[in-house]
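This one's a predicted model, so the numbers in the text were calculated from it and none came from an experiment. Each ligand, and each atom within it, is numbered from 1 in the order the structure gives. For reference, positions follow the sequence shown, starting with 1.
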Amino acid sequence: SEESELYHAQIHLYKHVYNFVSSMALKSVMELGVADIIHNNGKPITLSELASSLKLHPSKIGVLHRFLRLLTHNGFFAKTKVQEEEAYVLTSPSKLLITTKPTCLAPIVKGALHSSSLDMWHSSKKWFTEDKGLTLYQTATNESFWDFLNGNPDSLIMFQEAMAADSHMFKLALNECKHVFDNLESLVDVGGGNGVVTKLINEAFPHMKCIVFDQQQVVANCSGNENFNFVAGDMFKSIPSADAILLKWVLHDWNDELSLKILKNCKEAISHKGKEGKVIIIDIAIDEENDDPELTELKLDYDLVMLTMFNGKERGKKEWENLIYEAGFSNYKITPICGFKSLIEVYP
Ligand SMILES: Oc1ccc2c(c1)OC[C@]1(O)c3cc4c(cc3O[C@H]21)OCO4
């Protein structure tokens, strides 16, 4: 009937209006360290045990229950019985919040839901109606997000910890894609931050000369060893030569013009000693026809996050191909990696 269509449309609209509630409830339990308490408890935990571990005021026990109810509904916890009393256990998604595990993604939850990423959205109408090429973030704050990070050490650390957290997932993927790094004598990790990915590669391939290449203020107080070094520089100017250049979660921060600039400098960097060389891109590849709708939604979410914060973008397979050929490369190969990213091997 017309009414039921209207009522369903209403539910769809309200659900999207309040999607932020589940995000912020997740951030709340992350900040409280709920996952660590349940993990360290070693068995299902009752609400009162959890509340006393958290040293909550008695008036907040009901609050905790209702937060856990929503997050259980959304798959972050599960309910069981301990001597007839309800108890909570972690699920795979909340196990990613255990801070003692290398797969901990709490830093991403913290960074992505930081006020610096959220407040800017209130300026979107101003941003849409202006004719300037600013990001939403710049429209809201009058500075670029990169300048914000470089001007606020705590936020830069928060950002780097988020990138590093995501890189530990790469460790699992490295086992699947080891062959990509075979026979490489040297590798430069462009935008490698504090070097988590490069370290993982260096540990897997100790004879490979690995360089973390990033901005001065990022690598300034980082030290390496004989096959693992930090080099400061500007990827838009020139990139140190190597057999392979790694670009993990870098190109999606930049529009096509600037991404082309980076890729051309990468091509320059691998065309030494006449060797084959390769560029290894690890980034999101949108694939609406083959991906399940939930995965596509995550990729489209990231596309708007990159757009609003960096004037960057997530790219579909065709867009990656156009960019790679435009940069003068002759061939490439895309393989899915880490669940929602792809590893794109690019050959000169
Ligand atoms: O190339 C990337 C990859 C991921 C992310 C980037 C840029 O910025 C947006 C983001 O949502 C984000 C924003 C942040 C943050 C981490 C963080 O992770 C997310 O820490 C502070 O603000």
Report the part of [X] (side chain from C-beta onward, or backbone N, CA, C, O) that has a heavy atom under 4.0 Å from ligand 1; answer both or neither where that applies.
| X | answer |
| --- | --- |
| M309 | side chain |
| V305 | side chain |
| A112 | both |

Open item on the list: Measuring from non-hydrogen atoms of M158 to any atom of ligand 1, is the shortest distance under 4.0 Å?
Closed with: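 So M158 counts as touching ligand 1.
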
So which heavy atom in the protein is nearest [atom], and how far is it from that ligand atom?
| atom | result |
| --- | --- |
| atom 13 (C) of ligand 1 | S117 OG, 3.6 Å |
| atom 16 (C) of ligand 1 | A162 CB, 3.5 Å |
| atom 17 (C) of ligand 1 | M163 CE, 4.1 Å |
| atom 6 (C) of ligand 1 | M306 CE, 3.6 Å |
| atom 14 (C) of ligand 1 | G111 O, 3.4 Å |

Open item on the list: Nearest 0.5 Å, please: how far is CG in L300 from CG in L307?
Closed with: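 Between L307 CG and L300 CG, I get 12.0 Å after rounding to 0.5 Å.
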
Among side-chain atoms of [X] and [Y], is any donor-acceptor pair under 3.5 angstrom?
| X | Y | answer |
| --- | --- | --- |
| Y332 | E345 | no |
| E31 | S28 | no |
| S238 | N265 | no |
| Q83 | E85 | no |
| T99 | D36 | yes |

Contact check: [X] vs ligand 1, nitrogen or oxygen atoms, below 3.5 angstrom:
| X | answer |
| --- | --- |
| H252 | yes |
| W249 | yes |
| S155 | no |

Task: Reference residue W249; test ring pair (Phe, Tyr, Trp, His ring centres under 6.0 Å); the match among Y302, W254, F170 - done: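 That would be Y302; it is the only one of Y302, W254, F170 passing the ring pair (Phe, Tyr, Trp, His ring centres under 6.0 Å) with W249.
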
TODO: Number the atoms of ligand 1 from 1 as they appear, then name those within less than 4.0 Å of a heavy atom of D253, with their elements.
DONE: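 This gives 1 (O), 2 (C), 7 (C) as the contact atoms.
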
TODO: Give the numbers and elements of all ligand 1 atoms closer than 4.0 Å to a heavy atom of F159.
DONE: 6 (C), 7 (C), 8 (O), 14 (C), 15 (C), 16 (C), 20 (O)

Open item on the list: Counting the benzene-type ring for Trp, do F159 and W146 have ring centres under 6.0 Å apart?
Closed with: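 Yes; W146 has its ring centre under 6.0 Å from that of F159.
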
Open item on the list: Looking at K317 and D287, is there a salt bridge between them, counting it only when a charged N and a carboxylate O are closer than 4.0 Å?
Closed with: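 Looking at K317 together with D287, the answer is yes, because their closest N to O distance falls below 4.0 Å.
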
